[in-house]
Amino acid sequence: MKFLELHLHAFGAFTGKHIALNPKKKLHIVFGENEAGKSTSLRALADFLFGIPPRTRDDHTHDKRLLRVGATLLDNQGQQITLVRRKGNKNTLLDTDDNPVPESTLLSMLGALDRQTYETQFGMGHAQLRAGAQALLDVNTTLSEGLYEAAYGTQTLRSTLQEIEQEADTLFTPLTRTRTLNNLLKQHSEIKKELRDTLTSHADWSTRQQALVQAEKELHTIKQQIGTLQHHQAGLTTLLRLKPMAARHVQILGQLKQLDPKLEQAPHPQRRQNLQKKLDELSLRRTLNLQHQQQIKAQQASQPGESNPLKSRSAVSPEIEQEVERQIEQRRQLDLEHSQQAQQEALLNSQYEQKHLEVQRWLESKSLPNTPIQRARIPTAVQVEQAARQAEELQRKLQQQRERIQTLQDTQSTQEGTLRKLRQHASSLVEDDLNRARNERNRQWKILRSTAVQGPVGSTRLDEYQSATDQADRIVDTLRASADLQARVESACSTLTETRGQLNEAESQYEHNKAQQKAILEEWNHLWFSAGLQADDPPAMQRWLQQLHKLENEEQDHLEKTNLAKSQGERLRVLDEKWNQQWRDLRKHMGLDENASIIEVREWISEQRRWRESHKQQKQLQDQLELAENEQKEIHNGIQQTEALLSKLLGEAGVSTIEELEHLEEQAIQYATLKEQLAATELALLGEGSDDLNSILSQCSASSTEVLKQEIQQLSKEHQELEEKREQTNQELGRVRQEQAQMEHQSAADVQQKLQQQNAAIEQCTRRYLVLNAAAHALRATMEAYRKENQGPVLQAAQEIFRDLTIERYPSLNVGWNDQDQPVLECVRFDGTRLYTQDLSVGTRDALFLALRIASIRHHLTNHSPLPVVLDDALVDLDETRTSKALQALAQLGIETQVLLFTHHRRTVELAQACLPTGDVEIVELRSPNVLSQADQASADPTQQPIKHSRTPLQTHRESPNNPAP
Amino acid sequence: MAASDRILRFVHAADLHLDSPMRGLERYEGAPAHELRNATRQALEKLVTYCLETQVDFLIIAGDIFDGDWRDFSTGLFFRNQLSRLAAANIPAFLLHGNHDAASQITHHLQLPKNCHTFSHARPETHLLEDLGVALHGQSFPQRKETRNLALQYPEAVPGMLNIGVLHTALEGRPGHGTYAPCTEQDLQRKHYQYWALGHVHRTEIFPNRDPWIVFPGNLQGRHARETGPKGAMLVQAQGNQITQAEHLTFDVVRWHHAHLLTQNIRPGRTLRDEIQNILRDCTQDPSPQAPELHAVRLTVHLSNQTFERTAPERTAPETQIDHRLLEQEIRALTYDLPQPTWLEKIVWSHPAETQLNQKEDSPLDNPEATSLHALKGHLQAIQNDPQVHTQWLQSLQPLQKKLPLEVLQSADMPWQPRESNIRKSDIDPSDISPSDIHPGDSPLDSILVEAELELQRRMSARGTKP
């Protein structure tokens, strides 16, 4: 549908105004300055199409009921139609003859658009243009479908992107400090600071090293000072301690001066004492010696002068005495042996006699004489034993055989019994009996048959046959049964026969042995018979013989022993003889009578002894006396010598008496004591380390005790101070050493390690961030690509127009998502920046809206019939270049549908004339009905109007304000 | 002259880097943190104790005793105390300043016990041990960046003695190490020494041509996930002027491992968890008496195509899906059950190479969710592959980068190192990975992208397939 003419019959300030539009033009610019009725015309256009609203503003000149607006339209089929709209409730659409025309006439051409939709979609004023564009951007309107369809294909990607961005955002944002990575970075700088603080520089170390050396040096000095001080103090202390000793020293010296120095050479009292003591001892010994001599002499006098027995007999030597004793002992021994041997012999002899009698009695028990011949006849034990064993063996055999015979007899009788029993059971029936019975049966049968042929058979006959048959059967049975029995009988017979054989054999064996036994017995008897003895059974004889042998052995034994005793007696007699000879020799040797008894010999010997003893005693006394006399001489000499020594001592001491000597000695002791004390004092004084006694003594005498004490106190005070200083220095030293030790052990490397771990954490976090970032990047790129591929035609077209309008400054349009998770339009600037509509400048935004509107209309036109597009100063905020581009775009749209641009900017008109081909644009100039004359003049004078320069002549303005609509 | 029948024994250590911290270990609840304390110190203590107990003849430390930028003097004091222990047993120590020591404040101010001989930095110096028949030649670094070929100026071998050259060098260059005091193997051979005690390179290396012996003992204690395996020092034995044996002894307290799991190698009937448990158990097993007190493990999980197919939502089967966050927690829990104290440093997720190659050929799937995943994967990889996207992404991270500490920013495990930079790759100890394990694109950014992908999979599948 296109407007060919718009008739403002009675509308607003207009009356009978006609605006004609050339349908061949692409763009119709309706130009009018303010108050020229531009807005009125726009309203009129809409009111015509959709009805005049009840509360219209355009009734200020004409009465409401008289308001008329009309138009000549060219419909899609190329038909022209002229219609008029009046104000009212119904039948407001009229034909040229004021006849009502149905509303559908228009509606069919409008494609069922209502006024609001038309105004928003086909945009009117500047504000409407914006509102329409905004509506287009609003996702909730159907208009936006074409715009955003691309966005919906990337839903999954978008939500994934959101998630990833969310996570990435928790890791890092450039501006905040609370994100993970930002936190890590903060910690990193903290650790770095810690590292700087921990680092030990060599300077730190050197400073401490120097301090250490300094302190050590200082300590050394202090130690030396303390040493000196201590030495001094010790000296003074010693002096203080020595002072009393020095005083004592002086005192002793004074005492010594009073004594004679010669006293030192005085003889030692010990010498005098020793001499005196020796003299006393010698005197005592002399007295004792004299007494002793007298005693000896008395003893000698009392000793009797005995005669020497040697005069009568020869002297007996001790050897002979011993020999005598030995011989006497031997004699005693021999006598003892004699009596023992006699006893032994008698005892053994009686024992033998007894045994002999026993043997005899034993032999007599068997009535045998006890003669050697008889004894030789008795069989030997071996013979007897052999015979006994034979007899026993045979006896055992016979016993066995007897038992066997008994067993066999028992077996035999058992078998005989069994056979008997079997024979009783065995039937006497034989094969012949059976044959007989069968014949009897056959005979009976024949009789029966013949009888049956002749007539009825009597029961007797039948019974007979029956019995015959039974008899035969019984015999058969019996025969069969007895066959087995017969076999057993035969078996028993043969067993019995065998047993009998065995029995016979055993019996004959037995007999044989019996005979043998007899022979042996005879042999046995014969054996003993030769000994003249009636033999008993072998065991008895064996026992007897054993006893005999035992007795004989004992008898023999005793005999031997008796003989042995006898020979012993012989030996003793020989010894007696030998002794007698020796004894005789001895007596002769002693000069005694041959017959002298042992007692006599003994008395002689003891007499000899007594004499010898007495002689010895005399000799001893004499010796003692001589000894005592010699001693007496010796003592005497000793006394003389000692006395000489004593007088020499007195001389030495320069005294004449012992008493004087003793006094001198006392004085000497006193002198020595003082000397010793002096030496001890000097030693004590020197013992304190000094070797100069005089200097010590002079020092002691020089300083007073009080002064010394004060000095010592002063020194110890100084010492204490130095000690304190030393303690301090030691502490300082310890501190520095500890610091050094800390430096050595508390290394910054630990912190460095911590820093590295922090770095690793940062790296890890960064990596994660980069992973997310890359993923986000890929997601965005993918979404972009998808959108590009699937972008709707509206957006596509709008993008092209917008790009053109902005002269490539905004090369593309995208659909993004806003905070409310709604798709929004993003304008991508040439540098890639994405801007939302609210972020655009006013002019750019207008350009965008225009582009969107044009694109939207074009899209609408693809499936709708064309409707005129009416624009009211939509380009007001565009600069000239963009305006030109906009005009071109509108002209482009004009190919598809009628485009009317209302403007009050003359510049727009000029631009249109400049940038569009002449045939494409039509300029319609409106003039206010109130300033008509001016407008007319203006249009009448082309030289003054820029429009008149246009090659497009202004269309006719058949305005007739004074001609009201009918 | 040396009594030729006596067996001489000395220890050759280098690169103590005392008080250098263990890097990359994040504290977490239950982590065995105690063992980390002073690991480098403890390692040195162990070394010194070994020297004392076995009465070695002398100790050589071929440079990098301290970390160059570490200023804490207590570190120096600790070192001095340890050397004093040797001094008490009359065991001499020969020290050489490496690049780190030259830069160290500690080195300059530390006075060492009398048994220590530090090689001059002015000129090559020779110490003669007449009674042992040993001549030690060496020169310390006068400054950190020593670019001269120091070896050239070393004196000729002393005839009839055991000649030991002590030098801090990376020879002609070793991956990940500054090429200081550059020289060639031939330069060293020309001196006719019997043993070259080198330092600077943290990986144990004994040159195959043992005339002379040229040995890097490696560092005494590994400090991060790229210093893996047993660490310690060399025990060298000589008789007369002949080296008879050189043995690497371990003294480390914390041992680093980089374990790899290829999910395609998982045997049927076994779960990822089982495999990881096995791998952890294998790599932390050390029955030797010198076993460390703590194992720190980095685990790279190389996800196979199959894993990805299995985890793709259209074949959703809950038991085959990898919830990598949950799995990480489980793996961490697994470490508590290991016989040795173990610290899981990090789990790195890695794509199989083929997945990346085949990416473009995969046809879009019917399922909108799968389509999305497919597209997401593409966009993730664009971060790496499209320089423009990469730059944009990095730009968007600038606010973060501004806040991060320098150490973290410069960490080799951070993805903003330029893509072409091969610092990380060169740092990987080739012995840790068998050639089949190495995958292209095993970079920090890769692992972040893989993780992002796993994250997306997890979240999308949790959300269901509703669009």
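Letters A, B, ... are given to chains in the order of the sequence lines, protein chains preceding strands, and every chain is numbered from 1.
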For residues 164-172 of chain A, give me every residue with a non-hydrogen atom less than 4.5 Å from any non-hydrogen atom of chain B.
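Interface residues of residues 164-172 of chain A: A/I164, A/E167, A/F172.
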Using only non-hydrogen atoms and a strict under-4.5 angstrom cutoff, which residues of residues 180-193 of chain A touch chain B?
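Near chain B, by residue number: A/L181, A/L185, A/H188, A/K192.
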Starting at [atom1] of [X], measure out to [atom2] of [Y] and round the result to the nearest 0.5 Å.
| X | Y | atom1 | atom2 | result |
| --- | --- | --- | --- | --- |
| B/E451 | A/L770 | CD | CG | 10.0 Å |
| B/I383 | A/N773 | CD1 | CG | 7.5 Å |
| A/Q758 | B/E26 | CD | CD | 9.0 Å |
| B/S411 | A/R767 | OG | CZ | 9.0 Å |
| B/L25 | A/N759 | CG | CG | 11.5 Å |
| B/R71 | A/T200 | CZ | OG1 | 10.5 Å |

Answer whether the closest heavy-atom distance between the side chains of B/D19 and A/Q752 falls below 4.5 Å.
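Side-chain contact under 4.5 Å: no.
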Any idea which of [options] has the most non-hydrogen atom pairs under 4.5 angstrom with chain A?
| options | answer |
| --- | --- |
| B/Q392, B/R80, B/E407 | B/E407 |
| B/L110, B/I106, B/L397, B/L449 | B/L397 |
| B/L77, B/N81, B/V408, B/L380 | B/L77 |
| B/Q105, B/E345, B/R41, B/H108 | B/R41 |

Identify the heavy atoms of B/D72 and A/A749 that sit nearest to each other, and give their distance.
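Residues B/D72 and A/A749, closest heavy atoms: OD2-N, 4.2 Å.
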For a quick test of reading the model, state the closest non-hydrogen atom pair linking B/A452 to A/A775 and the distance between them.
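Shortest heavy-atom separation between B/A452 and A/A775 comes out as CB-N, 4.0 Å.
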Begin from the C-alpha positions of B/I448 and A/Y769 and carry the test side-chain contact (heavy atoms from CB on, under 4.5 Å) through to its verdict.
CA-CA 10 Å; B/I448 281 173; A/Y769 179 77; over 6 Å; no
Does A/E763 pair with B/R23 as a salt bridge, N-O distance under 4.0 Å?
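So A/E763 does not pair with B/R23 through a salt bridge.
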Pairs under 3.5 angstrom only: tabulate donor-acceptor contacts from the side chains of residues 399-406 of chain B to other protein residues two or more places apart or in another chain.
residue: B/K403; atom: NZ; partner: A/P174; partner atom: O; Å: 3.0

Start with the C-alpha distance between B/V389 and A/H777, add both sets of side-chain angles, then the distance that settles side-chain contact (heavy atoms from CB on, under 4.5 Å), and finish with yes or no.
CA-CA 10 Å; B/V389 177; A/H777 170 92; 3.4 Å; yes
Would you give me the side-chain donor-acceptor pairs under 3.5 Å for residues 204-215 of chain A, sequence neighbours excluded?
residue: A/D204; atom: OD1; partner: A/S201; partner atom: OG; Å: 3.4
residue: A/D204; atom: OD2; partner: A/S201; partner atom: N; Å: 3.2
residue: A/S206; atom: OG; partner: A/H202; partner atom: O; Å: 2.7
residue: A/T207; atom: OG1; partner: A/A203; partner atom: O; Å: 2.6
residue: A/R208; atom: NE; partner: A/E739; partner atom: OE1; Å: 2.5
residue: A/R208; atom: NH1; partner: A/D204; partner atom: O; Å: 3.1
residue: A/Q209; atom: OE1; partner: A/Q740; partner atom: NE2; Å: 2.7

Run the side-chain contact (heavy atoms from CB on, under 4.5 Å) test on B/K346 and A/Q764 for me, step by step, so that the C-alpha distance in whole Å, both residues' side-chain angles and the decisive distance to 0.1 Å come before the verdict.
CA-CA 8 Å; B/K346 189 183 287 178; A/Q764 200 65 19; 4.1 Å; yes
Is there a side-chain contact (heavy atoms from CB on, under 4.5 Å) between A/Q756 and B/L36? Walk through the geometry before answering.
CA-CA 11 Å; A/Q756 285 309 322; B/L36 285 183; over 6 Å; no
If you count the non-hydrogen atoms of other residues, nucleotides and ligands that lie under 6.0 Å from CZ in B/R27, is the total more than 12?
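Count not over threshold, so no.
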Is it the case that atom NE2 in A/H220 sees more than 12 heavy atoms from other parts of the structure closer than 6.0 Å?
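Atom NE2 in A/H220 is not packed in, count stays at 12 or less.
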Heavy-atom distances under 4.5 Å only: say whether A/R768 touches chain B with side chain, backbone, both or neither.
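Just its side chain gets close to chain B.
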Let me know if B/E455 has heavy atoms under 4.5 Å from chain A in its side chain, its backbone, both or neither.
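Answer is side chain: those atoms of B/E455 sit under 4.5 Å from chain A.
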